[in-house]
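These notes are about the structure you will find just below.
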Protein chains: 2
Amino acid sequence: MNSDTRWLNEHEQEIWRGLRELIWGFESALDRQLIRDSELSGVEYSVLAALSEAEGGTMRARDIAHTLDWERSRLSHLLKRMAARGLVDRNECPDDARGFNISMTAAGQAAIEQAAPGHVSFVRENVFDPLTPAEQDALLAATTKIQHALREAGWWERGKVD
Amino acid sequence: MNSDTRWLNEHEQEIWRGLRELIWGFESALDRQLIRDSELSGVEYSVLAALSEAEGGTMRARDIAHTLDWERSRLSHLLKRMAARGLVDRNECPDDARGFNISMTAAGQAAIEQAAPGHVSFVRENVFDPLTPAEQDALLAATTKIQHALREAGWWERGKVD
DNA sequence: TAAAACTTGTTGACACGTCAATGATGACCA
DNA sequence: TGGTCATCATTGACGTGTCAACAAGTTTTA
């Protein structure tokens, strides 16, 4: 933070630029692919994927938020739109009067089943096919270590950091 | 796309999850750091960083959009907000009546100078410090190849992919 | 048990992104 | 010259994310 900042040298700038561009570009490319090949956005896909792994295609909103590591309000806004589009249903939770059970509708099920193959192919073709197995493992090592550093420093969780 | 989809095995899912979580989490962590330690968002920082490398701290909007690989409308919306906050000025371009010259104000200059050390430290501490030089190079190789695959397949550019 | 504290989910204000439409100007070429 | 086409920037509609405030229910605890 002070004047003894360790600035990046040329090579480090190149590495950083590569990472930053990928972080920026991959997510939007993934979103474009989903929106073109299905009727789902990336976030809608995430929610339906979580539901499809739950028994009966049903989860409490709280648990979806926890699984995806999302803020509750973010999920709430999205679920309202998804319910309006007929992708999910919301029912009161019998155990806990505060809660809601979110379940996939038949339309939601159909949407994710239609979207999944293209989504997987996208990942296959753009992450795994271009890399050797050794490179794939190196990528995992790097992403794991970076994520670990961010967690250690408290930057991973949204909300207050200090 | 067909029924012969090559699904991901366990290990591949682990690699993919690591990448996806990093892509999701890194950007928001970076944004949080900037917003906490300065008065700038990540996108505002990008614009000011581009301007600070131009002569006189001035660039045409078109060139900023090209440098950052952004849509013009995205830049236009942001510049309107930044101008309202006093971070940039917009002046008509003498050569081309369609264009605008965007320049950093003194406040914009002060904001990025104040934000830069913390930003660099964040990258240093969360990307370079956790990785060995060999791992850094492996990361660059992986991001480069993935980006290349996305470009080849036409997924990199926003807009129609046909 | 009553008060305090926490959990769950919604809402509203606002920042930010994409897309499509618009208007104005510049470039090209027949 | 005049018409066509491309370029530059803006705008509005809307999807999406964060944050803070809120209402209502549940848990803790004194």
Side-chain angles (χ1 to χ4, degrees), chain A residues 23-25 27-36 39-47 59-85 87-88 90-102 155 157-161, chain B residues 23-25 27-36 39-47 59-85 87-88 90-102 155 157-161:
Chain A
I23 284 172
W24 159 75
E27 187 166 26
S28 50
L30 188 53
D31 250 47
R32 277 196 292 277
Q33 183 270 322
L34 271 175
I35 289 169
R36 287 220 161 54
E39 296 298 310
L40 298 176
S41 70
V43 287
E44 289 169 339
Y45 186 95
S46 300
V47 168
M59 285 176 85
R60 281 195 56 169
R62 171 192 57 177
D63 298 326
I64 300 176
H66 184 260
T67 299
L68 300 178
D69 205 2
W70 282 7
E71 298 206 358
R72 280 194 305 274
S73 78
R74 177 183 183 181
L75 182 61
S76 180
H77 285 304
L78 179 60
L79 288 177
K80 180 157 62 169
R81 293 188 296 265
M82 290 178 74
R85 292 183 50 200
L87 296 169
V88 296
R90 290 160 11 141
N91 300 296
E92 282 166 23
C93 183
D95 327 1
D96 186 336
R98 295 167 301 181
F100 280 90
N101 281 322
I102 312 298
W155 289 117
E157 301 77 23
R158 64 244 137 305
K160 71 221 90 261
V161 169
Chain B
I23 284 173
W24 159 74
E27 187 167 26
S28 51
L30 187 54
D31 250 46
R32 276 196 292 278
Q33 183 271 322
L34 271 174
I35 288 169
R36 285 217 162 55
E39 296 298 310
L40 299 176
S41 70
V43 287
E44 289 168 340
Y45 186 94
S46 300
V47 168
M59 285 175 87
R60 282 195 55 171
R62 170 193 57 176
D63 298 325
I64 300 175
H66 183 260
T67 298
L68 300 179
D69 205 3
W70 283 5
E71 299 204 359
R72 271 197 291 275
S73 79
R74 177 183 183 182
L75 183 61
S76 180
H77 285 304
L78 178 61
L79 288 177
K80 179 157 62 170
R81 293 188 295 265
M82 290 178 74
R85 291 184 50 199
L87 296 169
V88 297
R90 293 166 358 148
N91 299 296
E92 283 165 23
C93 184
D95 328 1
D96 186 337
R98 297 168 298 181
F100 280 90
N101 281 321
I102 312 299
W155 288 116
E157 299 78 23
R158 64 247 138 304
K160 73 225 80 219
V161 171

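Values in this document were obtained by computation on a predicted structure and should not be read as measured data. The chains referred to below are lettered A, B, ... by the order of the sequence lines, with proteins before strands, and numbering in each begins at 1.
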>> Nearest whole Å is fine: how far is C/dT8 P from A/Glu92 CD?
In response: 17 Å
> Rounding to a whole Å, what distance do you find between A/Met59:CE and C/dG9:C1'?
Replying inline: 16 Å
> Rounded to the Å, how far apart are A/Leu68 CG and D/dG17 P?
Replying inline: 11 Å
> Going through the checks in order, is the side-chain contact (heavy atoms from CB on, under 4.5 Å) test met by A/Leu78 and A/Trp70?
Replying inline: CA-CA 11 Å; A/Leu78 179 60; A/Trp70 282 7; 3.7 Å; yes
> Of the non-hydrogen atoms in A/Trp155 and B/Arg32, which two are nearest, and what is the gap between them?
Replying inline: O-NH2, 2.6 Å
> Within this structure, what is the CG-to-C1' distance between B/Asp63 and D/dA9, rounded to whole angstrom?
Replying inline: 13 Å
> Does the salt bridge (Lys or Arg N to Asp or Glu O under 4.0 Å) test come out yes or no for B/Arg85 and B/Glu39, once each step is laid out?
Replying inline: CA-CA 11 Å; B/Arg85 291 184 50 199; B/Glu39 296 298 310; 5.1 Å; no
So which protein nitrogen or oxygen atoms get under 3.5 Å of nucleotides 22-25 of chain C's nitrogens or oxygens?
residue : atom : partner : partner atom : Å
C/dT25  : O2   : B/Arg98 : NH1          : 3.4

> Rounded to the nearest Å, what distance is computed from the CD atom of residue A/Glu71 to the C1' atom of nucleotide D/dC19?
Replying inline: 7 Å
>> Evaluate B/Ile23 against A/Leu30 for side-chain contact (heavy atoms from CB on, under 4.5 Å), listing each step before the verdict.
In response: CA-CA 11 Å; B/Ile23 284 173; A/Leu30 188 53; over 6 Å; no
> Closest nucleotide of DNA chain C for B/Asp31 versus for A/Gly99: which of these residues is on the 5' side?
Replying inline: A/Gly99
> Expressed in angstrom and rounded to an integer, what is the separation of A/Trp70 atom CH2 from C/dT8 atom P?
Replying inline: 18 Å
>> Under a 3.5 Å distance rule, please check whether B/Glu27 uses its side chain to pair with a backbone N or O of B/Trp24 as donor and acceptor.
In response: no
> Hey, what do you get for OG (A/Ser76) to CZ (A/Arg81), rounding to the nearest 0.5 Å?
Replying inline: 9.5 Å
> What is the distance, rounded to the nearest whole Å, between atom CD of B/Glu27 and atom P of C/dC16?
Replying inline: 12 Å
>> Test side-chain contact (heavy atoms from CB on, under 4.5 Å) on A/Asn101 and A/Met59; report intermediate values, then the result.
In response: CA-CA 6 Å; A/Asn101 281 322; A/Met59 285 176 85; over 6 Å; no
>> Applying the side-chain contact (heavy atoms from CB on, under 4.5 Å) criterion to A/Leu75, which one of A/Val43, A/Val47, A/Ile102 satisfies it?
In response: A/Val47
> Where do B/Asp96 and B/Arg60 land on the salt bridge (Lys or Arg N to Asp or Glu O under 4.0 Å) test, with the steps shown first?
Replying inline: CA-CA 10 Å; B/Asp96 186 337; B/Arg60 282 195 55 171; 3.6 Å; yes
> Separation of A/Asp69 atom CG from D/dT18 atom P, in whole Å?
Replying inline: 10 Å
>> With a 4.0 Å limit, can you tell me whether B/Arg32 has a side-chain N or O closer than that to the phosphate oxygens OP1/OP2 of D/dT18?
In response: no
> Which residue, B/Arg62 or B/Trp24, contacts DNA chain D at a nucleotide closer to its 5' end, judged by nearest heavy atom?
Replying inline: B/Arg62
>> For a quick check, with a 4.0 angstrom heavy-atom cut-off, what is the B/S/- contact string for nucleotides 10-15 of chain D, read 5' to 3'?
In response: BBB--S
